[in-house]
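Keep in mind the model is a prediction, meaning the values are calculated, not measured.
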Amino acid sequence: MSKLEEAVRKIAEQQTAERTPVWMVGEQLKELLRDQPELAEIVLEDLDGKPEALAKCEKKIKEFADRNKKGHFACVIPAEAERIIREFFGLPKRGERPAEPRGKPMLNLVDFL
C-alpha cells in the first residue's frame with residue numbers, strides 16, 4: 001500500500017457521518033493529498049496514534065469561523081479551510097516544497113568533501 005493510500009485510509013477511519021464538519025475536513029484533506037501526494041507521509045505522522053486529529057482540526061476551523069462571524073452567519077471559504085488544515089498538519093503552503101523529512105536527517109556525502 002502506498003503512503004497516499006494509507007493516509008487516505010486513515011483519514012477515512014477518522015471521518016464521521018457524511019456531510020458532518022469532521023467528514024468535510026477529511027474530504028478536503030484527501031483532495032489536498034491527491035493534488036500533492038508527497039505530503040502523505042507528513043499527514044500519516046500526524047494521524048498515527050491521534051484518533052481525534054480530524055476532529056481537532058475541525059475545531060480550529062470552527063474557531064476561525066466564529067471569530068469572523070457576521071451577524072448570525074459564520075462560514076469559512078475553501079482557501080481559508082485549506083490554510084488552517086495545512087497549518088494544523090504542518091504542511092507547506094501550496095506551491096512550496098515540503099521541508100526535510102521529520103525522521104532521520106539525510107546524510108549527504110558531498111558534505112564530507
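Under the side chain to side chain donor-acceptor pair (under 3.5 Å) criterion, Asn68 pairs with no residue at all, not counting sequence neighbours. Residues satisfying the salt bridge (Lys or Arg N to Asp or Glu O under 4.0 Å) criterion with Glu87, sequence neighbours excluded, are Arg83.
The environment of Glu80 atom CD is dense: over 12 non-hydrogen atoms of other residues, nucleotides or ligands sit within 6.0 angstrom.
Contact record, Ala55 with Val22: CA-CG2, 3.9 Å, taken as the closest heavy-atom pair. Closest heavy-atom contact between Gly95 and Gln36: N-NE2, 4.3 Å. What you find for Leu4 and Pro37 is that their closest heavy atoms are CD2-CB, 4.0 Å. Between Ala12 and Lys30, the shortest heavy-atom distance links the atoms CB-NZ, 4.2 Å. Nearest heavy-atom pair across Leu54 and Gly26 is CD1-CA, 3.9 Å. The nearest pair of heavy atoms linking Ile85 to Cys57 is CG1-SG, 3.8 Å.
Transitive grouping of hydrophobic side chains (ILVMFWY, heavy atoms separated by less than 4.5 Å) brings Phe88 and Val76 into a common cluster.
A salt bridge links Arg86 to Glu82: one of the charged nitrogens lies within less than 4.0 Å of a carboxylate oxygen. Salt bridge absent: Glu58 and Lys62 never bring a charged side-chain N and a carboxylate O closer than 4.0 Å.
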Quiz prompt | Audit row: Val43, Lys3, side chain to side chain contact (heavy atoms under 4.5 Å, CB included) steps and yes/no | solution = CA-CA 10 Å; Val43 172; Lys3 294 284 185 188; over 6 Å; no
Practice problem: Evaluate the criterion side chain to side chain contact (heavy atoms under 4.5 Å, CB included) for residue pair Phe89 and Leu29; output intermediate values, then yes/no. | Solution: CA-CA 10 Å; Phe89 286 100; Leu29 183 56; 3.7 Å; yes
Exercise. Assess whether side chain to side chain contact (heavy atoms under 4.5 Å, CB included) is satisfied between Gln14 and Leu47, documenting all intermediate values.
Key: CA-CA 9 Å; Gln14 290 194 18; Leu47 294 176; 3.6 Å; yes
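The CD atom of Gln28 sits 9.5 Å away from the CD1 atom of Ile84 when rounded to the nearest 0.5 Å. Note that CE of Met24 is 9.5 Å distant from OG1 of Thr16, once rounded to the nearest 0.5 Å. Leu32 contributes atom CG, which lies 12.5 Å from atom CD of Glu27 (distance to the nearest 0.5 angstrom).
With respect to Glu13, the side-chain hydrogen bond (donor to acceptor under 3.5 Å, both in side chains) criterion is satisfied by exactly one of Arg9, Gln15, Lys10: Arg9.
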